[in-house]
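What follows is a set of notes on a single structure, which appears directly below.
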Amino acid sequence: MESPADLRTATGFEMELAGLIVEALQLEVAPAAILPTAPLFGDGLGLDSIDALELALAISRRYGVALKSDDERNGRIFASLRALAAHVDGERRR
Amino acid sequence: MAPSYPLIGRAADAVLFRHSGGVVTAAGFLAAAEDLAARLPPGAPVIDLCRDRAAFAVAFAAALLVDSVSLLAGERSPERLRSLAEAHPGAVTLSEDATPPGPMPHRRVCPDWSGTPVGPMRWLQAERLAAIVFTSGSTGEPVAHRKRWGALAVRSMAAAAQFGLDPWRPAEVLATVPPQHMYGFETSVLLPLHAPAASWSGAAFYPDDVRMALAALPAPVLLVTTPLQLRALLDAPVTAGGDGPAGVISATAPLDPALAARAEEHWGCWVQEIFGATEVGSIASRRTTAEQAWTLYPGLELAEEEQGATVAGPFAPPTPLADRVALLPRRRFHLLGRSSDLVKLGGRRASLSGLTRILAAIPGVEDGVFLAPDDLEARPSARLMVLAVAPRRSAEEILAELRPRVDPVFLPRRVQLVAALPRNELGKLPRAALLALATGARDG
């Protein structure tokens with residue numbers, strides 16, 4: 001997957017995933033407002049564990065990629081839109 | 001003689017926990033608990049942060065062996081750990097991690113399950129304090145609830161009777177809720193110590209985790225979950241095989257009867273819903289598809305007092321419930337609803353007036369209120385919202401101020417700045433007017 005040098009510029013797939021996040025969680029932000037490198041949980045979008053479940057469901061429906069609990073990996077996957085996009089993109093191509 | 005109960009009321013070779021690498025027997029568990037107990041400062045409160053259920057349980061048991069109390073902290077932020085340590089001087093943290101998560105002494109938990117216990121089974125006084133669990137209080141500061149050993153042990157046996165657990169065919173408990181939460185603590189940590197049940201100690205949060213565990217576990221599996229996770233499991237595209245559970249237990253939020261019926265039909269199993277609260281634990285259950293009334297667990301007494309209902313049980317003093325009830329014959333009752341100030345999300349509870357007080361204390365906020373949509377508990381993406389009068393502050397700033405002070409699930413999904421709140425002549429805020437203002441702000 002391409003990785004743009006500019007931390008604020010989202011790739012096409014990151015934009016698509018941002019749209020899915022906004023739609024699935026009914027967030028009141030525009031997809032473009034989700035910075036690719038900002039945290040999804042905590043200080044960034046401020047998502048919580050219920051959101052993680054909803055997001056996992058939406059991702060498995062759209063891309064057929066099932067997220068699993070794996071403490072070490074999960075922290076990385078949900079670290080940012082970019083990390084999540086890289087994981088989903090990698091898994092769906094397998 | 002004062003009554004006492006054993007640490008483990010099971011045969012030495014009984015399976016208490018199962019993980020991907022094998023099983024944990026009662027003897028192996030006791031040996032691991034003795035081992036860890038020898039590394040604990042006697043009497044020091046234990047903050048049990050273990051994620052793995054068997055590790056969590058062994059830390060809890062080790063604390064009991066050295067006359068310590070376990071503190072069940074659902075949240076592990078440095079601020080939360082610091083405030084726990086202040087309230088409980090000398091506290092140590094226990095987790096699977098080598099790195100201490102906070103400033104207090106830390107012990108790593110990595111049990112060897114193959115040992116043989118050195119001493120005999122320990123019997124513990126029923127009245128001794130075993131655990132402290134927390135609810136989010138109305139001011140945002142967590143409120144502590146003390147659990148005595150006898151109350152925990154007897155309730156586990158009562159749960160076994162309530163759900164008809166069979167000593168000749170122990171249940172395989174697959175819990176999707178964390179052990180630090182009272183519901184997960186009772187069903188997946190305490191139950192195996194005293195009832196014919198083995199608990200899955202691996203990860204089980206996402207639908208795929210649950211399916212993989214279902215495929216790995218022998219029958220009969222008892223899935224202990226929440227309405228949100230149950231719905232996600234039934235909705236997610238199937239990616240792994242395996243039999244379904246023989247029974248499903250749901251708690252933390254009202255279970256939609258249609259969802260319960262779907263689960264019963266899909267797996268050919270029964271679905272039971274538990275009613276309880278952190279203060280009192282699990283106290284009643286019902287088969288959601290077949291009945292509206294709840295049936296109390298054996299040994300508990302429910303009473304209607306002037307201020308509301310209280311529940312009492314062995315080694316548990318009468319404790320008020322947040323819900324109003326109507327008593328029925330034969331140990332059954334109806335729930336009449338909760339005080340409208342209380343909201344519940346993700347198994348956690350908060351008071352809207354308490355949250356509003358936090359909002360009002362933010363510099364620059366002249367007036368403000370937390371508001372819950374009508375379908376808060378039914379719609380997974382539903383969250384609280386805030387209406388605020390704060391001419392010199394932005395919505396983002398207010399959210400940033402709330403973030404360190406409020407549990408993430410109760411953070412408003414929307415902060416709407418308004419010129420004034422629709423206070424009536426008594427200074428009160430009619431809900432209809434607030435909702436109209438919120439909708440108008442959204443449309444405009």
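Within every chain, numbering begins at 1; the chains are lettered A, B, ... in the order of the sequence lines, protein sequences first and strands thereafter. From a predicted model like this one, the values you see are computed outputs, not experimental measurements.
With rounding to the nearest 0.5 angstrom, the CZ atom of B:Arg413 is 4.5 Å from the CG atom of A:Asp51. Note that CZ of B:Phe205 and CG of A:Leu53 are 5.0 Å apart. Values are rounded to the nearest 0.5 Å. Here the CG-CD distance, from B:Leu228 to A:Glu54, works out to 6.5 Å after rounding to the nearest 0.5 Å. Rounded to the nearest 0.5 Å, atoms CD1 (A:Ile59) and OH (B:Tyr206) are 9.0 Å apart. Distance check, rounded to the nearest 0.5 Å: OG of A:Ser69 to CG of B:Asp208 gives 10.0 Å.
Both the backbone and the side chain of A:Leu25 come within contact range of chain B, each with at least one heavy atom under 4.5 Å from a heavy atom of that chain. The parts of A:Ala52 that come within reach of chain B are both its backbone and its side chain, each placing non-hydrogen atoms under 4.5 angstrom from that chain.
Sorted by first and then second residue, the salt bridge (charged side-chain N to carboxylate O under 4.0 Å, His left out) pairs involving residues 30-39 of chain A (not counting sequence neighbours) form an empty list.
Salt-bridge check for A:Glu28 with B:Arg383: failed, with every basic side-chain N at 4.0 Å or more from each acidic carboxylate O. Note on B:Asp209 versus A:Lys68: no salt bridge recorded, every NZ/NE/NH1/NH2 to OD/OE distance being 4.0 Å or above.
Shown here are the side chain to side chain contact (heavy atoms under 4.5 Å, CB included) partners of B:Ser381, two or more places apart in sequence or in another chain: A:Gln26, B:Arg379.
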